[in-house]
Amino acid sequence: MRSSWADSVAAAEGAAAGSSVNNGNIGSSARSTYVPPHLRNRPPSSDLPAPGSSGSTSGTDRSGYGAPLGGSRWIGARNDSSRSGYGSGGRGGGWNSRSGSWDRGRDREVNPFGDDDNAEQTIDEEENTGINFDAYEDIPVETSGDNVPPPVNTFAEIDLGEALNENIRRCKYVKPTPVQRHSIPISLAGRDLMACAQTGSGKTAAFCFPIISGIMKDQFVQRRPRGRLVFPLALILSPTRELSIQIHEEARKFAYQTGVKVVVAYGGAPINQQLRDLERGVDILVATPGRLVDLLERARVSLEMIKYLALDEADRMLDMGFEPQIRKIVEQMDMPPPGVRQTMLFSATFPKEIQRLASDFLSKYIFLAVGRVGSSTDLIVQRVEFVHESDKRSHLMDLLHAQKANGVHGKQSLTLVFVETKKGADALEHWLYINGFPATTIHGDRTQQEREHALRSFKSGNTPILVATDVAARGLDIPHVAHVVNFDLPNDIDDYVHRIGRTGRAGKTGLATAFFNENNASLARSLAELMQESNQEVPAWLSRYSARSSYGGGKNRRSGGGRFGGRDFRRDSSFNRGTTDYYSGGSTGYGASGGYSGGYGPGVTSAWD
DNA sequence: AAAAAAT
């Protein structure tokens with residue numbers, strides 16, 4: 001259902017009871033002023049530039065029933081002085097029709113870049129040089145599925161729209177990362193996607209760009225709220241609150257001045273502000289599962305109009321702890337089914353069993369794997385040291401002292417210490433603190449306020465040591481983490497991959513040290529393999545350990561023997577024997593149809609095997 | 001066994 005401009009105005013008037021109708025729907029001159037009905041469907045008058053092409057009367061085009069724009073498919077962002085001179089100039093004007101007038105009472109959009117007008121140059125100049133692309137040359141890529149759209153080499157090749165291009169420029173993204181080069185064309189083509197790409201390689205943008213551009217381009221008219229029930233067009237789920245916050249912050253930058261509204265909802269924080277944010281209008285909802293379920297049950301959010309579903313850290317979202325909640329959200333509420341909506345799953349790791357679960361959510365999807373085994377491999381120097389349980393603290397102390405002595409030039413370098421338990425985190429933090437190391441901690445027993453404060457304090461270098469449980473293992477992008485210490489190793493090699501991925505991001509180098517002892521025997525083999533694949537020096541004692549502890553591949557063995565970070569489970573006979581022809585199409589690089597034909601079955605090496 | 005995620 002599409003709502004007309006008039007409907008929107010009426011709704012706003014009703015709800016806002018005579019208050020002003022805010023916003024650029026009417027052109028900037030009308031912002032925050034009441035517009036009499038007889039003037040409402042007029043094209044904006046004086047202060048908007050002439051539309052880029054003839055005949056486009058963006059004022060009336062907006063008015064409803066999704067009439068295509070006369071001139072450009074792109075509804076330009078609000079004309080704004082800060083956009084001067086970039087690209088082909090602001091054509092169009094005004095907002096696209098999704099941002100209906102029930103979006104009332106919001107002041108001018110806050111600039112998420114914090115660089116009002118032309119202060120850009122001075123911000124973070126030397127440290128925000130963006131991604132080190134040389135680090136990503138010659139990265140192995142595997143795609144499979146029907147008719148995979150070819151990758152692109154530049155953002156310019158992709159029709160993302162002017163406003164988004166401007167934001168990409170402001171983010172100082174010069175060219176797409178490998179995962180972006182491949183996944184964005186796939187998503188823009190409307191295809192479902194399961195993507196496996198290294199930590200720190202730009203996955204957030206990879207799913208945000210197509211969503212934002214799609215919402216702008218396709219002119220979905222957002223459904224007007226029914227009472228206080230709102231209808232987002234895109235849903236992005238993530239496994240931790242802090243990750244949702246981070247995705248929201250990034251997405252807001254990408255969506256700046258596009259008219260696409262991004263709202264975040266997560267637990268542990270007062271729900272009222274989140275409800276107010278939702279009432280102001282939402283196109284993209286970023287959420288953690290629990291709070292979203294709450295919102296759905298309160299009938300404050302409907303998934304009926306969802307066009308895009310993205311799961312970040314998708315394998316985590318579908319593991320034992322989360323799967324029921326995710327199924328509820330995706331399958332048992334009012335979300336459109338696969339094939340109607342577009343679904344994108346992203347993670348650095350993707351175990352085959354989880355791929356099988358995930359395939360329930362997808363329709364004729366493309367599998368994409370970029371890079372090796374999750375980690376940024378060569379960029380992270382991995383060390384493993386044999387440390388008895390009782391020696392861990394003093395050993396950590398030695399590391400920290402050495403680091404201090406080495407003297408870090410420039411920005412304070414940060415150390416992230418992973419432990420197994422929440423209590424252990426508190427205990428270690430306290431111990432570090434009384435020993436003169438400024439540390440803080442983040443884990444699930446702390447209040448949300450404490451968690452966010454800890455993260456800020458760490459990021460700012462105020463507390464350069466952060467002791468964390470796995471709540472911080474995935475997705476968090478913390479610049480200047482020079483060292484990740486696995487004080488307690490995780491039980492699962494994939495968790496190790498995510499943890500060490502907190503360093504060595506965006507093409508920068510990092511160090512990861514693990515304390516290994518007899519309690520970690522079950523991890524020995526997969527750890528040794530992972531390190532070998534990443535060209536790391538594997539200590540002889542670890543190799544001996546792994547030889548000893550291996551009887552045929554336990555739970556931690558990567559199926560297929562590890563190596564390359566992801567393989568499409570549809571190509572693995574043990575996962576689809578005799579059943580559905582999951583993998584029926586052609587594939588890039590693998591030619592023939594039908595399973596893993598062409599000699600690329602398990603055990604056969606290819607360039608990146 | 002642990003961690004995370006709603007109140």
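Being a predicted model, the structure only gives us computed values, none of them experimental. Each chain gets a letter, A, B and so on, in the order the sequences are listed, and its residues count up from 1.
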**Q** Rounded to the nearest angstrom, tell me the gap between atom NZ in K423(A) and atom P in dA2(B).
**A** 10 Å

**Q** Of all heavy-atom pairs between I442(A) and R446(A), which one has the smallest distance, and what is that distance?
**A** CA-CD, 4.5 Å

**Q** Test of understanding: with side-chain contact (heavy atoms from CB on, under 4.5 Å), list the residues that count as partners of A439(A), not counting sequence neighbours.
**A** E429(A), L432(A), I465(A)

**Q** With heavy atoms under 4.0 Å as the rule, sort R451(A) into base, sugar-phosphate or nothing.
**A** sugar-phosphate

**Q** M317(A) CE to dA3(B) P: how many Å, rounded?
**A** 19 Å

**Q** With respect to the phosphate group of dA4(B), does any side-chain polar atom (N or O) of K422(A) fall under 4.0 Å of OP1 or OP2?
**A** yes

**Q** Which donor-acceptor pairs under 3.5 Å do side chains of residues 243-253 of chain A form with protein atoms, sequence neighbours excluded?
**A**
{"residue": "S244(A)", "atom": "OG", "partner": "S238(A)", "partner atom": "OG", "Å": "2.9"}
{"residue": "S244(A)", "atom": "OG", "partner": "A287(A)", "partner atom": "O", "Å": "3.4"}
{"residue": "Q246(A)", "atom": "OE1", "partner": "D477(A)", "partner atom": "N", "Å": "2.7"}
{"residue": "Q246(A)", "atom": "NE2", "partner": "G475(A)", "partner atom": "O", "Å": "3.0"}
{"residue": "H248(A)", "atom": "NE2", "partner": "V262(A)", "partner atom": "O", "Å": "3.3"}

**Q** Provide, to the nearest angstrom, the distance between the CZ atom belonging to R446(A) and the P atom belonging to dA4(B).
**A** 12 Å

**Q** Please enumerate all residues that pass ring-ring contact (aromatic ring centres under 6.0 Å, His included) together with F322(A), with sequence neighbours excluded.
**A** none

**Q** Sequence neighbours excluded, which residues qualify as side-chain hydrogen bond (donor to acceptor under 3.5 Å, both in side chains) partners of T240(A)?
**A** none

**Q** In residues 324-332 of chain A, which ones come under 4.0 Å of DNA chain B, going by heavy atoms?
**A** Q325(A)

**Q** How many whole angstroms separate atom CZ of R300(A) from atom P of dA6(B)?
**A** 17 Å

**Q** For T421(A) and for Y266(A), find the nucleotide of DNA chain B with the closest heavy atom, then tell me which residue's nucleotide is more 5'.
**A** T421(A)

**Q** Counting distance alone, no hydrogens or angles: does the base of dA1(B) have a donor or acceptor under 3.5 Å from a partner atom on the side chain of N491(A)?
**A** yes

**Q** Within the 4.0 Å heavy-atom criterion, would you say D470(A) contacts the bases, only the backbone, or no part of the nucleic acid?
**A** nothing

**Q** Within this structure, what is the CG-to-C1' distance between L295(A) and dA6(B), rounded to whole angstrom?
**A** 9 Å

**Q** Which pair of heavy atoms, one from T349(A) and one from S347(A), lies closest together, and at what distance?
**A** O-OG, 2.9 Å

**Q** May I ask you to say what G267(A) touches in the nucleic acid, namely base, sugar-phosphate or nothing, with a heavy-atom cut-off under 4.0 Å?
**A** sugar-phosphate

**Q** How about H453(A): does its NE2 atom have over 12 heavy atoms from other parts shown lying under 6.0 Å from it?
**A** no

**Q** Which residues pass the side-chain contact (heavy atoms from CB on, under 4.5 Å) test with R327(A), not counting sequence neighbours?
**A** E323(A), E331(A), Q332(A), L357(A), D360(A), F361(A)

**Q** Is the shortest side-chain N/O distance from T469(A) to OP1 or OP2 of dA4(B) below 4.0 Å?
**A** yes

**Q** Can you tell me whether the side chain of R241(A) and the base of dA5(B) have a donor-acceptor pair closer than 3.5 Å?
**A** no

**Q** Rounded to whole angstroms, how far apart are CD on Q448(A) and P on dA4(B)?
**A** 11 Å

**Q** Report the nucleotide, chosen from dA6(B), dA5(B), dA4(B), that has the shortest atom-to-atom distance to any side-chain atom of E242(A).
**A** dA5(B)

**Q** Nearest-Å distance, CG (D492(A)) to P (dA1(B))?
**A** 18 Å

**Q** Could you state the atom-to-atom distance from CZ of R499(A) to C1' of dA4(B) in whole Å?
**A** 13 Å

**Q** At under 4.0 Å, does any side-chain N or O of T288(A) touch on OP1 or OP2 of dA6(B)?
**A** yes

